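Read the numbers this way: they start at 1 and go in the same order the structure lists the ligands and their atoms. From a predicted model like this one, the values you see are computed outputs, not experimental measurements.
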Amino acid sequence: MQQHPHTSRRRTGRLAALTAAVAVVVGLTTLNGPGAQAADNPYERGPAPTESSIEALRGPYAVSDISVSSLSVTGFGGGTIYYPTSTADGTFGAIAISPGFTAYQSSIAWLGPRLASQGFVVFTIDTNTTLDQPASRGDQLLAALDYLTQRSAVRGRVDSSRLGVMGHSMGGGGTLEAAKDRPSLQAAIPLTPWNLDKTWSEVRTPTLLFGADGDTIAPVSSHAEPLYSGLPSSLDRAYIELNGATHFTPNSSNTTIAKYSVSWLKRFIDNDTRYEQFLCPLPRPSLTVEESRGNCPHTS
Ligand code: 9J3
Ligand code: ZN
């Protein structure tokens with residue numbers, strides 16, 4: 001690396017003092033690393049994002065997990081809490097994630113460490129029974145968030161004012177039900193959602209839906225797309241249709257789901273406008289994205 005000519009020049013007096021002060025500030029900023037927080041956004045966590053950081057299998061935070069027995073809770077079926085191990089950065093926003101019809105938390109487990117390592121407390125849940133319908137799954141997501149913030153071992157690590165919900169299939173339908181029931185939720189992300197109800201004009205929570213072009217169980221034409229259209233046009237909402245995907249694509253590690261979910265959660269749970277660059281403009285059709293829709297109102 002070439003040295004800038006000014007760095008080798010001798011300075012004296014006030015100029016030298018100023019140079020030293022600037023060097024100290026620059027040094028501290030650099031040393032802060034993953035824990036850097038912007039003074040103007042108390043909810044910002046982690047370093048400035050890049051395309052590769054949102055696509056990575058793990059973010060900057062080491063993750064621990066706790067198993068929650070179904071016998072120790074009411075209103076849902078237990079689950080696993082994934083959370084940043086360090087307490088150095090204060091509290092984190094949190095999300096609960098529901099599996100789909102006949103499925104268990106294992107079907108959405110990949111999202112636990114993937115999202116938690118970016119700076120969220122993530123609760124992947126089991127439902128009371130695997131046959132529970134979307135409205136019940138919505139209630140169970142809210143019961144899980146209440147357990148997480150009020151009774152769990154990590155309740156002190158969670159900012160109870162910054163919560164969100166996700167879910168697959170009937171769990172994605174339940175994600176909309178939870179948002180409708182609790183407008184204080186900051187973000188909702190249904191994954192190849194299934195819900196017979198298409199009217200969601202009551203929702204006030206910023207919502208990102210993923211559809212799959214090859215979904216024959218919850219075809220986008222009768223589920224994800226009308227569910228998106230049923231949200232208020234004034235809402236922060238987006239629809240991303242995965243290309244070459246099926247109903248079960250959200251059940252395995254998927255970089256397209258991860259990168260836009262991380263960006264949505266960061267933007268709306270952490271108010272972190274550094275992630276707007278990945279959401280606006282919306283992703284263009286590509287090998288991974290069949291189409292996208294949204295109102296893109298996320299101006300800083
Ligand atoms: O959770 C889901 O996978 C919903 C799709 C489904 O099986 O609907 C049939 C009733
Ligand atoms: Zn489409």
Side-chain angles (χ1 to χ4, degrees), residues 70 73 75-80 95-112 114-115 122-145 164-182 185 187-200 203 205 207-231 237-254 256-258 260-261 264 288 290-291:
S70 63
V73 299
F76 66 107
T80 305
I95 59 170
I97 312 180
S98 167
F101 192 62
T102 73
Y104 296 88
Q105 57 170 308
S106 57
S107 68
I108 38 130
W110 70 275
L111 287 161
R114 184 100 175 217
L115 300 178
V122 180
F123 197 2
T124 57
I125 67 166
D126 281 317
T127 45
N128 291 323
T129 85
T130 59
L131 308 183
D132 294 337
Q133 296 296 297
S136 170
R137 288 171 195 268
D139 293 342
Q140 295 184 54
L141 283 166
L142 297 178
L145 287 175
V165 283
M166 294 180 70
H168 174 236
S169 196
M170 284 195 192
T175 295
L176 291 167
E177 304 274 359
K180 176 177 165 178
D181 289 353
R182 190 175 290 182
L185 292 178
I189 308 180
L191 308 170
T192 58
W194 188 98
N195 200 315
L196 296 177
D197 186 350
K198 313 300 180 191
T199 56
W200 299 96
V203 172
T205 298
T207 300
L208 164 63
L209 300 93
F210 286 93
D213 61 348
D215 192 333
T216 55
I217 294 170
V220 296
S221 58
S222 46
H223 290 276
E225 291 180 352
L227 292 173
Y228 167 78
S229 300
L231 295 165
R237 59 174 184 165
Y239 169 63
I240 295 175
E241 191 169 310
L242 303 169
N243 201 2
T246 75
H247 186 62
F248 302 105
T249 294
N251 296 139
S252 313
S253 180
N254 181 285
T256 308
I257 292 173
Y260 296 114
S261 294
W264 197 263
T288 54
E290 198 273 337
E291 66 157 313

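- The ligand atoms of ligand 1 that sit less than 4.0 angstrom from a heavy atom of Ser169 are 1 (O), 2 (C), 3 (O), 4 (C), 5 (C).
- When side chains are defined from C-beta on, Tyr239 counts as touching Val220, because their heavy atoms get closer than 4.5 Å.
- Using the six-membered ring where Trp is involved, His223 and Trp194 have ring planes that are parallel, under 30° apart on the 30 and 60° scheme.
- When side chains are defined from C-beta on, Leu185 counts as touching Leu142, because their heavy atoms get closer than 4.5 Å.
- In this structure, atom 6 (C) of ligand 1 lies nearest to the protein heavy atom Ile217 CG2, 3.8 Å.
- Residue His168 has no N or O atom closer than 3.5 Å to an N or O atom of ligand 1.
- For the atom pair NZ (Lys198) and CG (Leu196), the distance works out to 6.0 Å, reported to the nearest 0.5 Å.
- Once rounded to the nearest 0.5 Å, the distance linking CG of Leu111 with CD1 of Ile97 reads 4.5 Å.
- Against a heavy-atom cut-off of under 4.0 Å, Gly100 is close to the following atoms of ligand 1: 1 (O).
- Heavy atoms from both the backbone and the side chain of Phe101 come within less than 4.0 Å of ligand 1.
- Residue contact check: Met170 has heavy atoms under 4.0 Å from atoms 1 (O), 2 (C), 4 (C), 8 (O), 10 (C) of ligand 1.
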